[in-house]
Amino acid sequence: MKGLWTPAWIARHVLALVLVAGFLALGWWQFSRATGGNSLSWGYTFEWPVFAAFVVFIWFREVQQARRAARAPEPAAERPAEQPVPRQDAPLTVRRPVRVPVASQAPADDDPELAAYNDYLSWLAAHPGARPSDYPGRRTSTS
């Protein structure tokens, strides 16, 4: 249990005690307001003790995890010395996303705006450093 009395754990214990005491005091304060006629305080009267119980739950869980970690043997001590280390014959592979080319469709012959727009997009794709204003094609204003 020496691990639970380090400066970090002492700070956690003190913080838990302060929070629980503060939450219970706030619950008592809300109870005194509720009995004085403030009906909204009845909800807070029960809410603050729930917060205190939650702090106690988290503190207890953290203490249990620290105690289990202190009791757990190291992984090297679990395996007997005469047992060989299992080999891994499969090489380590890194999966990378596969790029699948998209089949471009020919623009519809019956829509000249679509054909011009597709021509513009293909020019932009062929000239990645170019700005849209560098496009040498026909410009039409839509006003």
Side-chain angles (χ1 to χ4, degrees), residues 1-108 111-135 137-143:
M1 292 309 288
K2 182 181 176 185
L4 294 177
W5 295 110
T6 62
W9 269 106
I10 291 173
R12 290 176 189 166
H13 298 319
V14 169
L15 178 66
L17 286 174
V18 167
L19 285 175
V20 168
F23 290 163
L24 291 177
L26 286 169
W28 183 256
W29 171 63
Q30 289 294 333
F31 177 73
S32 65
R33 289 187 54 173
T35 57
N38 187 349
S39 60
L40 181 63
S41 292
W42 282 111
Y44 294 118
T45 298
F46 299 107
E47 182 179 32
W48 287 111
V50 169
F51 289 161
F54 182 71
V55 169
V56 169
F57 168 74
I58 293 296
W59 173 81
F60 182 75
R61 190 182 72 165
E62 291 296 319
V63 167
Q64 294 301 317
Q65 286 181 350
R67 291 178 68 200
R68 278 191 213 111
R71 274 190 270 140
E74 294 190 19
E78 289 179 5
R79 189 180 327 127
E82 62 272 4
Q83 183 180 5
V85 177
R87 287 188 51 189
Q88 294 180 349
D89 292 332
L92 179 64
T93 58
V94 177
R95 294 182 177 232
R96 291 192 173 93
V98 177
R99 292 188 175 187
V100 178
V102 177
S104 62
Q105 296 178 352
D111 190 0
E113 279 187 40
L114 181 62
Y117 183 67
N118 284 335
D119 182 47
Y120 170 68
L121 290 179
S122 64
W123 183 87
L124 282 177
H127 301 88
R131 296 176 306 205
S133 61
D134 295 338
Y135 177 61
R138 193 179 87 195
R139 290 182 178 87
T140 60
S141 63
T142 56
S143 42

Can you name the side chain to side chain contact (heavy atoms under 4.5 Å, CB included) partners of Gln64, sequence neighbours left out?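 Result, side chain to side chain contact (heavy atoms under 4.5 Å, CB included) vs Gln64: Phe60, Arg67, Arg68.
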For the pair Val50 and Phe46, evaluate side chain to side chain contact (heavy atoms under 4.5 Å, CB included) and give the outcome as yes or no after the intermediate values. CA-CA 7 Å; Val50 169; Phe46 299 107; 5.7 Å; no
For a quick test of your reading: what N or O donor-acceptor pairs under 3.5 Å do the side chains of residues 27-39 make, sequence neighbours left out?
residue	atom	partner	partner atom	Å
Gln30	OE1	Ser41	OG	2.9
Ser32	OG	Trp29	O	2.7
Thr35	OG1	Phe31	O	3.2
Thr35	OG1	Ser32	O	3.0
Asn38	OD1	Leu40	N	3.2
Asn38	ND2	Ser41	OG	3.2

Donor-acceptor list for residues 123-131 side chains, cut-off 3.5 Å, not counting sequence neighbours:
residue	atom	partner	partner atom	Å
Trp123	NE1	His127	ND1	3.2
His127	ND1	Trp123	O	2.9
Arg131	NH2	Asp134	OD1	3.3

Under the rule for ring-ring contact (aromatic ring centres under 6.0 Å, His included), what residues qualify as partners of Tyr120, not counting sequence neighbours?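 Here the qualifying residues are Tyr135.
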How long is the gap from CH2 on Trp42 to CD on Glu47, to the nearest 0.5 Å?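 The CD atom of Glu47 is 15.0 Å from CH2 of Trp42, to the nearest 0.5 Å.
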Looking at Val20 and Ala52, what are the two nearest heavy atoms and their distance?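 Reported closest heavy-atom pair: CG2-O, 3.8 Å.
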Let me check something: any side-chain donor-acceptor pairs from residues 9-17 under 3.5 Å, sequence neighbours excluded? List them with distances.
residue	atom	partner	partner atom	Å
His13	ND1	Trp59	NE1	2.9
His13	NE2	Leu4	O	3.0

